[in-house]
There are 2 protein chains.
Amino acid sequence: MVVESEPSTGVLLFLPYRALEDRVFAALAEAGFDDFTPAQARVMQRVGPEGTRLTELAEQAQITKQTAGFLVDQLERAGYVRREPDPTDGRARLVCLADKALAAKEVADSVVAEVEREWEEHLGRRRMKQLREALTLLREITDPWGPGQQETPSGQAGGGSA
Amino acid sequence: MVVESEPSTGVLLFLPYRALEDRVFAALAEAGFDDFTPAQARVMQRVGPEGTRLTELAEQAQITKQTAGFLVDQLERAGYVRREPDPTDGRARLVCLADKALAAKEVADSVVAEVEREWEEHLGRRRMKQLREALTLLREITDPWGPGQQETPSGQAGGGSA
DNA sequence: GACATTGGTCAGTCTCTCTGACTAATTTGG
DNA sequence: CCAAATTAGTCAGAGAGACTGACCAATGTC
């Protein structure tokens with residue numbers, strides 16, 4: 001007779017996140033972008049339009065710089081990113097998105113938009129707006145890379161560890 | 001010039017989820033429960049009060065039964081779960097929570113409650129209620145284990161893959 | 001100019017996850 | 001009631017992702 005108690009807000013947040021991420025990955029695979037893994041995507045997602053340093057990618061993705069380097073190597077080999085010297089610091093290099101990554105991002109963004117439309121249809125305009133408003137506010141106290149100090153939080157879904 | 005565009009709902013969902021999970025893990029570690037990994041926790045979390053079969057755990061955690069078996073082995077060795085024969089099926093065994101797991105769950109639940117209080121304080125009562133309402137509705141179209149058919153969604157945070 | 005800091009790589013290890021092949025108990029269909 | 005199909009779980013092997021520790025090279029500091 002299962003009690004069916006209120007699930008914690010954590011579970012409630014995770015379920016739609018996961019559903020969205022799955023949709024995005026499925027669509028990318030179907031569009032031919034099947035040569036990268038979730039872990040690689042979570043790094044690629046954080047590359048800014050002007051390029052981003054490895055160390056910075058590592059911090060934002062909450063992994064070590066070694067792991068980040070490992071993943072960027074693979075993305076580079078698969079043709080999703082380039083490494084260019086950083087003009088302002090001889091030690092550093094900037095990881096930049098290649099055209100292939102921009103094409104993939106377009107697919108990803110359109111799926112995100114589609115899923116958001118579905119959600120809005122299910123919730124209604126008003127509740128969807130309330131949802132985004134509450135989440136945006138929540139970001140102030142849960143996002144270490146808080147609004148107003150990082151590159152660009154660009155599109156797509158967060159970074160689910162998988 | 002950074003554009004600071006609207007982040008997708010996916011990112012917005014993920015950020016607080018991750019923040020919550022981190023808090024829970026930190027608190028567990030501090031309370032001495034530092035001998036299990038996130039992957040193990042995601043399985044343990046899904047064990048119902050009457051015990052749950054391995055296959056069922058695997059489905060809910062979205063991993064293969066081999067992986068689930070691997071993780072349960074470790075949890076068993078660490079004393080968090082027991083395996084008991086399933087009286088209704090000679091092939092199956094029920095994974096059951098040991099006292100140690102119940103104690104850890106208590107810690108986890110209290111941290112979740114604390115974080116939710118903080119969120120409510122930041123958002124205000126009304127917006128927090130709207131948030132939970134919208135998320136609960138969203139669950140209808142994003143949760144494959146939809147409400148009204150599984151064990152108990154018990155406490156804590158979802159299952160981030162890490 | 002010596003010294004600490006920072007960006008990044010190399011090497012080694014451990015955990016998680018998968019696929020494939022297999023055993024044993026149960027259910028199904030004549 | 002027995003043969004075939006299904007289901008619960010294990011064993012074996014491989015690859016990916018993550019970490020720690022040690023290291024080099026360019027920068028910044030005093």
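From a predicted model like this one, the values you see are computed outputs, not experimental measurements.
- Atom-to-atom, CD of B:Gln40 to P of C:dC14 comes out at 16 Å; the value is rounded to the nearest Å.
- Listed by first then second residue, pairs satisfying salt bridge (charged side-chain N to carboxylate O under 4.0 Å, His left out) with a partner in residues 61-82 of chain B read B:Asp73-B:Arg83, B:Glu76-B:Arg83, B:Arg82-B:Glu84, not counting sequence neighbours.
- For the pair A:Leu75 CG and D:dA16 P, the computed distance is 13 Å after rounding to whole Å.
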What protein N or O atoms touch nucleotides 6-10 of chain D N or O atoms at under 3.5 angstrom, if any, and at what distances?
| unit_1 | atom_1 | unit_2 | atom_2 | d |
| --- | --- | --- | --- | --- |
| D:dT7 | O4' | B:Arg91 | NH1 | 3.4 |
| D:dT7 | O2 | B:Arg91 | NH1 | 2.4 |
| D:dG9 | OP1 | B:Arg93 | N | 3.0 |
| D:dG9 | OP1 | B:Arg93 | O | 3.0 |
| D:dG9 | OP2 | B:Leu54 | N | 3.3 |
| D:dG9 | OP2 | B:Thr55 | N | 2.9 |
| D:dG9 | OP2 | B:Thr55 | OG1 | 2.6 |
| D:dG9 | N7 | B:Lys65 | NZ | 2.4 |
| D:dG9 | O6 | B:Lys65 | NZ | 3.1 |
| D:dT10 | OP1 | B:Arg83 | NH1 | 3.4 |
| D:dT10 | OP1 | B:Arg93 | NH2 | 2.7 |

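- The interatomic distance linking A:Ile63 (CD1) with C:dC14 (C1') rounds to 17 Å, in whole Å.
- The C1' atoms of five pairs define one axis at each end of the helix from C:dG1-D:dC30 to C:dG30-D:dC1, and these two axes lie 30° apart (to 10°).
- Between A:Gln74 atom CD and D:dG15 atom C1' the separation is 11 Å, expressed in whole Å.
- Contact annotation: the side chain of B:Val24 never approaches that of B:Val115 to less than 4.5 Å [non-hydrogen atoms, C-beta and beyond].
- Without hydrogens or angle criteria, A:Arg18 side chain to A:Phe14 main chain gives no donor-acceptor distance under 3.5 Å.
- Look at CZ on A:Phe70: it is 12 Å from P on D:dC19, rounded to the nearest Å.
- Counting only residues at least two apart or on different chains, the salt bridge (charged side-chain N to carboxylate O under 4.0 Å, His left out) pairs with a member in residues 93-103 of chain B are B:Asp35-B:Lys100.
- Looking at every heavy atom in both residues, B:Leu13 comes nearest to A:Pro16 through CD1-CB, 3.9 Å.
- In this structure, the side chain to side chain contact (heavy atoms under 4.5 Å, CB included) partners of B:Arg117, at least two apart in sequence or on a different chain, are B:Ala113, B:Glu114.
- The two residues B:Leu94 and B:Pro87 make their nearest non-hydrogen contact at CD1-CD, 4.3 Å.
- For the ring-ring contact (aromatic ring centres under 6.0 Å, His included) test, residues two or more places apart in sequence or in another chain that qualify with B:Phe36 are B:Tyr80.
- Side chains of A:Arg132 and B:Thr9: a donor on one and an acceptor on the other come within 3.5 Å.
- For C:dC16, one of the phosphate oxygens OP1 or OP2 lies less than 4.0 angstrom from a side-chain nitrogen or oxygen of B:Thr37.
- The separation between A:Leu57 atom CG and C:dG7 atom P is 12 Å, rounded to whole Å.
- Side-chain nitrogen and oxygen atoms of B:Gln62 include none within less than 4.0 Å of the OP1 or OP2 phosphate oxygen of C:dT17.
- Dashed line: the shortest gap from a side-chain N or O of B:Thr64 to OP1 or OP2 of C:dT17 is not under 4.0 Å.
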